[in-house]
Amino acid sequence: MSQSEAKDSGARDTAMVTITINGREVEADPSKPLIAACHAEGEEVPHYCYHPGLSPVGSCRICQVGVQQGQMPPRVMAACRTPVAEGMVVDTEAPKAHDARRECLEFLLKNHPLDCPICDKAGECTLQDYSFDEGQGEGRSVEPRRKLDKRKSLGDVIVLDQERCILCSRCVRFFEEVPETPQLCIGERGSHSVVETFMNRPLTGNYQGNLADICPVGALTLKEFRFQARVWNLHKVASTCAGCSRGCAVTTEVLRKHEVKRFRPRHEPAVNGYWMCDTGRFALEAPNREHRLCGGILRGGSGQAQPVDTRTALEVARDMLIVHGEALIVASPFLTVEEGRELLALGKTLGARPVFLSPEPNDLTDDLLHTGDPCPNRRGLSELGFDALPVEEVLETLPSYESALLVGERLIDMLGAKNLATLPTALRVVLLECHYVDSPSIDVAVGIPNHVEREGTWVNVDGHAGRIAIARPTPEGVWMATRTIDTLHELLTMSAPGADAPGSATPGAIPSTPGAEATLG
Amino acid sequence: MSGFETYLLERTQAKDSHLLKVARGLGTYGALKKILDTPLTPKDVIEELKESGLRGRGGAGFPTGLKWSFMPDADKDTRKRYLALNADESEPGTCKDRVLMREDPHTVIEGCLIAAFAMRLDAVYIYVRGEYRVPYERLAVAIEEARTAGLVGPRILGSDFSCEIHMHKGAGAYICGEETGLMESLEGKRGHPRPKPPFPAGFGLWGQPTTVNNVETIYNAPFILERGAQWFRSMGTKKSPGNFLCGISGHVEKPGVYEIPLGMPARQILDEFAGGVWKKRALKAWIPGGSSTGFLKPDAIDTSMDHDSLKEAQSMFGTGAMIILDETASVVRSALTLMNFYEHESCGQCSQCREGTQWLAQIFQRIHDGQGRMEDIQLLEDLANGMAPGKTICALSDAAAIPTHSVIRNFKDELVEYVREGGHPDLRGKQPAVHQEVGV
Ligand SMILES: Cc1cc2nc3c(=O)[nH]c(=O)nc-3n(C[C@H](O)[C@H](O)[C@H](O)COP(=O)(O)O)c2cc1C
Ligand code: SF4
Ligand code: SF4
Ligand code: FES
């Protein structure tokens, strides 16, 4: 959990005070600045240097609101550095406050390069937003604008455009306060101020990407995302990061229903606060990998891979699993709770042992977010009753079974294509995966969606249930994973011993999906 | 010279007045001894200060006794407590604290000790402007002399009152004279002023209760304690009692630092002390209390030099440092010089100040160079309105806005003339000046 959230939760004990915001009496937390109370009330108060996850410095001076306290006449005050006090009357729309904000914007735009047409931040830039809301239509400066470094590399992740920077110092405070590895500072003074790294050293650490989110303008951008998309063309859905068992709340952002362009952190006090790590942020390769497995593939007596539709493949799988009844079910740690539940039911029908693949922890663990455990739903699957089995153990025990049902994304990666190829030919292998590897040991393969195409629940390391959501359509011919598992289960139920009375034959079997599909069987 | 009682510069006149033995002969440390020898309590000392009506000489004119009384009760709040003595003296025109530190460091030390007694402080930090080499050395030597004599350190003069005094050298930034910028700088950080609240009395140096006072303010304390609040009130005006050190510079015959009772008309100071405008020229403009107080017209020269009168004249007493401009001077060029100063000295935290000081300087530069536009005058005014009052973390932004307003209010004709005629008279009819890019 981020430390800012730790601060948040610790402060709840303080007694609330009653203040009036824009005519409404509200309860406010005196441990937080006035701006937080206004935002909690849904009142937009412009802010640049203030960020709810960082300490307030009150330097940009945009957050001016009208405040009346006690007998004093109303004043315009910086809401991010004004403590709330009992009886305070706040008017965020006071004309004088508007004026102060308009003036502040004029100063901020004085040296701004106004290169919005080529700025990655355009569309999410609060300098644009507030200028649109309350700036003045025309710039009055005829002076030459500051000429500074427009593309200064700050390491592998971030590029700095010093001309766009409005010197809010969020980035400086981020490194000081969140990963607690101060690396940025404001160099020079006054109108010569620039953001820079100490001794021009490149930035380090696994949290650099957050700079691009917290920078209110397009001064700090991701090398990865630079000039890649206009943000208004991105379709954004709330989801959960697949990078580790922290399961940070994210938005998945997809360009033209196709490519995942960004993962960005979403505020979730119980999990990640406002942040996420770079490992998760830049885990774009897996969801975007080409050559998806669409439909099914059978490897008949000829030994040739033969494409078929999903249902045909599932029917072959059913036959195989019935004949070679002693099966091991290996789930991917990316399966959702919902998928896991269905798979478990199927396993019960089959009398198979359910395990999930549990790769070694990696060395990315830190004190902030990354757990070092690459299994996003370890807890969810464990709680359902899957045993965690390390990769070697799975490979060791597989040959002692007659058949294997491998379900979920990245199983080929985790088990290793080479290892799969060396499995005994006697073992019947049914693989539900996003990708296919041409291997003689895989008898039936069926394509499933990956984690940006599915929905469901992952339970994180602390027991928090995070939702993953569908951010783009599944590839042509690919069924939802739950439907695939469900259909296979149904096929098995119908042909299971004593299946003449469907539904009652297998205790614990969940009712299969009704409808047209069922009648086909 | 006018007959009035003086005390501020008396001790500084003696030969070797900076040495302890000379200073003692002149009565220094008498007030401290009096406090320690009598049953005077810290509260009594603060009361005496309050009664005297002494107002801070650092610029804002805040009542000193009241400021001292803001410190939390030492019995209830057991944190360490400090005085930061503001000897950063960087306001253009101001050069009075230098004289006191250089010529009479022992009374400065005595003032610090009295403040320490009154506010029950643990230590005093003296923040000296970096360029003040001799004052710094004199103060450093004086502290060592005083320490050896049992006047600084543990159990001062055998009493149970102890106080340490530390020195710190600034590095040349005007902003480190702003009280919270000073504290940041003392802590070893950049001199970035802190937003208030919290105020220094509750959260100052290293987060501990702290009072910041100007050198001249503190210098008054021993005299008030020794001679009494009523004596102090016999000088100056009702609301601004006492004498002050008037540093007068610019186009005068005898620039210097003079001791003046508050409330003396500026004209009298100019004529009787500074020998009038030099070369028998006429007065064009004057600044009453350091660069941040703005340009006044000659017709305001009869204003009394005290806080209320100057406020009425739409200016401020400030640091009491008068700057005189004769009829040949250019107010536009002087304003440009000031704006370049504020642009250079802005710490850059606040948008309005960082961008505004640069913008003002650029506009004054263009008007000066003959590239001004009529609408620039309105723009100057709007920008100054956007920068102050109270819109930024500290008052540096105000300090740039006030002179700008004053030029528009009092010398608009000159602005208009520069725009119409093509800039400063020296430049008119010549090749247009190559436009300088300010702040690139
Ligand atoms: C930009 C700026 C610079 C200042 N510089 C000085 C200075 O050099 N010396 C000083 O005594 N006060 C300076 N001040 C005023 C201090 O903030 C503070 O008010 C003063 O030291 C308080 O002392 P006093 O109450 O004894 O006057 C400055 C204020 C500002 C806004
Ligand atoms: S780079 Fe961005 S976050 Fe950093 S100070 Fe500049 S505007 Fe603020
Ligand atoms: S007003 Fe100017 S000098 Fe003062 S804190 Fe703000 S930017 Fe710095
Ligand atoms: S948001 Fe309040 S001063 Fe920057």
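This one's a predicted model, so the numbers in the text were calculated from it and none came from an experiment. Lettering follows sequence order; numbering is per chain, from 1.
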Q) Counting distance only, does the side-chain N/O of R189(A) pair as donor-acceptor with the main-chain N or O of G348(B) below 3.5 Å? A) no
(Q) If you count every heavy atom of other residues, nucleotides or ligands that lies below 6.0 Å from H405(B) atom NE2, does the total exceed 12? (A) yes
(Q) Under 4.5 Å from any heavy atom of chain A, what part of E345(B) do you find: side chain, backbone, both or neither? (A) both
(Q) Using side chain to side chain contact (heavy atoms under 4.5 Å, CB included), reason through H192(A) and Q358(B) one step at a time and then give a plain yes or no. (A) CA-CA 10 Å; H192(A) 300 261; Q358(B) 186 201 42; over 6 Å; no
Q.
Counting only non-hydrogen atoms closer than 4.5 Å, does L396(B) touch chain A with its backbone (N, CA, C, O), its side chain (CB onward), both, or neither?
A. neither
Q) Nearest 0.5 Å, what's the OG-OH distance between S351(B) and Y48(A)? A) 8.5 Å
Q: Take atom NZ of K150(A) as the centre, draw a 6.0 Å sphere, and report whether it contains more than 12 heavy atoms from other residues, nucleotides or ligands.
A: yes
(Q) Please identify, among S193(A), A100(A), S141(A), the residue contributing the most non-hydrogen atom pairs under 4.5 Å to chain B. (A) S141(A)
(Q) Is it true that, when you exclude E312(B) itself, more than 12 heavy atoms of the residues, nucleotides or ligands shown sit nearer than 6.0 Å to its CD? (A) no
Q) Going by the salt bridge (Lys or Arg N to Asp or Glu O under 4.0 Å) test, which pairs reach into residues 97-106 of chain A, not counting sequence neighbours? A) D99(A)-R102(A), R101(A)-E134(A), E103(A)-K391(B), E106(A)-R140(A)
Q | CZ (R75(A)) with more than 12 external heavy atoms under 6.0 Å | A | no
Q: Check side-chain contact (heavy atoms from CB on, under 4.5 Å) between D376(B) and all other residues, then give those that pass, not counting sequence neighbours.
A: I363(B), R366(B), I367(B), R373(B), L379(B)
(Q) So for atom NZ, which belongs to K239(B), do other residues, nucleotides or ligands contribute more than 12 heavy atoms lying within a distance under 6.0 Å? (A) no
Q: Could you have a look at P56(A), C49(A), C104(A), A78(A) and say which one has the most heavy-atom pairs with chain B under 4.5 angstrom?
A: C104(A)
(Q) Testing the basics here: between V57(A) and I393(B), what is the closest heavy-atom pair and its distance to 0.1 Å? (A) O-CD1, 4.1 Å
Q.
Set out, in order, the CA-CA distance, both residues' side-chain angles and the distance that settles side chain to side chain contact (heavy atoms under 4.5 Å, CB included) for E355(B) and S191(A), then state yes or no.
A. CA-CA 6 Å; E355(B) 308 296 332; S191(A) 62; 5.6 Å; no
Q. If you count heavy-atom pairs under 4.5 Å between each of I166(A), T82(A), L105(A), I186(A) and chain B, which one has the most?
A. I186(A)
Q: Using a heavy-atom cutoff of under 4.5 Å, enumerate the residues of residues 58-69 of chain A that contact chain B, numbered in order, or state 'none'.
A: G58(A), S59(A), C60(A), R61(A), Q64(A)
(Q) Between R354(B) and L108(A), is the side chain to side chain contact (heavy atoms under 4.5 Å, CB included) condition met? List the steps. (A) CA-CA 9 Å; R354(B) 179 182 66 242; L108(A) 284 171; 3.7 Å; yes
Q) Which residues from residues 186-196 of chain B are near chain A, with near meaning under 4.5 Å between non-hydrogen atoms? A) R190(B), P195(B)
